[in-house]
Amino acid sequence: MVDAALRTAPVPADPAVYDGVTITLGTPLERRSLRARDAKALGKLLGRKLPEQIGRSSEDVLCLGPDEWLLRAPAGTAVPDGAGLPLALVDISERALTLVLEGPRAIDVLQAGCPRDLRKLTVGEGRRTVFEGVEIVLLRTGEDRFEVDVWRSFASWLHLALTTAASHLR
Amino acid sequence: MILIHCPYCDETLPELEFAYAGEAHIARPLDPSGLSDEDWERYLFIRANPRGRHNERWRHVHGCGRFFNAVRDTVTDKFELTYKAGEPRK
Ligand SMILES: [Zn+2]
């Protein structure tokens, strides 16, 4: 993690407030891309039971694919590196940032650019998907609360796309 | 929009999450340097290109990331079925 004092974000720090949805830059996270053929060995190393169904999460780990997980934890959380084990734990903390959408219209804003039926995404689930052609990891953290992980270089454009969709709500 | 069933996610999802990846079940030659130019050309470039039922590879690129195989009708663009990579031709 870089020092917080040096951190710059490509999106405004102030929340974007609309009628029915607020779009906020999330706090910095520890992120790890986890790959393993043997989910049990990875779970043992992390001290967590890993979700085995794609889209499900348990604690701070989301299952993205048959052998792929994403760990998202508060910045500064210690995560083992798995040295010597047949696993990959890659630090991708700074690759992405999080945009938080909160409010009763959050789902409508996301549905404006995401081709999936987001009503089927239940609280606690997450998926890798797209928003207007930009790859995102979308997590539903509450009935009216979503977190969007997006690569930093796409973030300013995605923020513009989300706020544009939000400003057209009616 | 076309909906495609990902056999790994076990979900039927919009085409926008997927990428086409050419004809399926084309095995790389075990001894490439032993091939004649004509055989190498056949491996690299010559495809069945049928009118109708086509076994082809797709990747759930904006999802679970896996490659899988599908049977699609090239006339109607309808997907008959999808199956995991490594399973025999269907
Ligand atoms: Zn999939």
Side-chain angles (χ1 to χ4, degrees), chain A residues 32-37 39 50-57 61-70 88 90 92 95-96 110-122 124-140 148-151 153-154 157-158 161 165, chain B residues 1-30 32 52-90:
Chain A
R32 297 290 184 282
S33 171
L34 312 173
R35 304 297 298 264
R37 293 224 168 109
L50 297 188
E52 286 184 20
Q53 195 180 332
I54 294 168
R56 296 290 168 84
S57 56
V61 179
L62 171 68
C63 183
L64 287 180
D67 60 355
E68 183 181 4
W69 294 264
L70 174 66
V90 178
I92 53 165
R95 186 174 75 177
L110 288 164
Q111 200 69 82
C114 180
R116 275 179 178 260
D117 183 353
L118 297 178
R119 291 169 302 183
K120 292 182 182 164
L121 189 73
T122 60
E125 286 189 342
R127 293 288 194 290
R128 183 159 49 205
T129 179
V130 283
F131 187 94
E132 290 286 3
V134 172
E135 189 167 289
I136 57 171
V137 174
L138 176 63
L139 301 99
R140 188 170 202 165
V148 180
D149 265 24
V150 61
W151 287 18
S153 51
F154 293 111
W157 186 87
L158 184 70
Chain B
M1 187 183 298
I2 295 175
L3 297 175
I4 301 174
H5 184 83
C6 173
Y8 293 94
C9 295
D10 196 20
E11 285 185 286
T12 302
L13 299 163
E15 182 191 3
L16 287 176
E17 289 195 356
F18 297 85
Y20 177 69
E23 188 177 341
H25 303 292
I26 293 174
R28 186 178 170 84
L30 294 174
R53 209 171 181 274
H54 189 222
N55 288 73
E56 57 195 22
R57 298 198 312 155
W58 283 78
R59 186 179 177 212
H60 192 188
V61 56
H62 299 303
C64 66
R66 295 298 93 184
F67 281 91
F68 59 91
N69 294 329
V71 178
R72 182 180 61 98
D73 191 305
T74 60
V75 177
T76 62
D77 213 12
K78 282 226 159 65
F79 278 74
E80 183 182 321
L81 57 95
T82 58
Y83 52 101
K84 290 181 179 177
E87 289 180 12
R89 176 187 289 273
K90 298 193 178 174

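Just so it is clear: chains get the letters A, B, ... in the order the sequence lines come, proteins before strands, and each one is counted from 1. On a predicted model such as this, the values are computed, not experimentally measured, just so you know.
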Nearest heavy-atom pair of A:Pro115 and B:Pro14: which atoms, and what distance?
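Residues A:Pro115 and B:Pro14, closest heavy atoms: O-CG, 3.3 Å.
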Taking all non-hydrogen atoms of both residues into account, name the closest pair between B:Glu17 and A:Arg128 and its distance.
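Shortest heavy-atom contact: OE2-O, 4.2 Å.
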May I ask you to name which of A:Ile136, A:Thr129, A:Val137, A:Val130 has the most heavy-atom pairs under 4.5 Å with chain B?
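So the answer, after comparing A:Ile136, A:Thr129, A:Val137, A:Val130, is A:Thr129.
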Would you say [atom1] of [X] has more than 12 non-hydrogen atoms from neighbouring residues, nucleotides or ligands within 6.0 angstrom?
X	atom1	result
B:Glu80	CD	yes
A:Trp151	CH2	no
B:Arg89	CZ	yes
A:Arg56	CZ	no

Chain B contact via A:Asp67 - side chain, backbone, both or neither, heavy atoms under 4.5 Å:
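Contact with chain B: side chain only.
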Side chains of B:Glu11 and A:Arg116 in contact at under 4.5 Å (non-hydrogen atoms):
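Result yes, sub-4.5 Å side-chain heavy-atom pair found.
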Taking every non-hydrogen pair under 4.5 Å, which of B:Cys9, B:Cys6, B:Gly63 racks up the most with chain A?
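Ranked by heavy-atom pairs under 4.5 Å with chain A, first place is B:Gly63.
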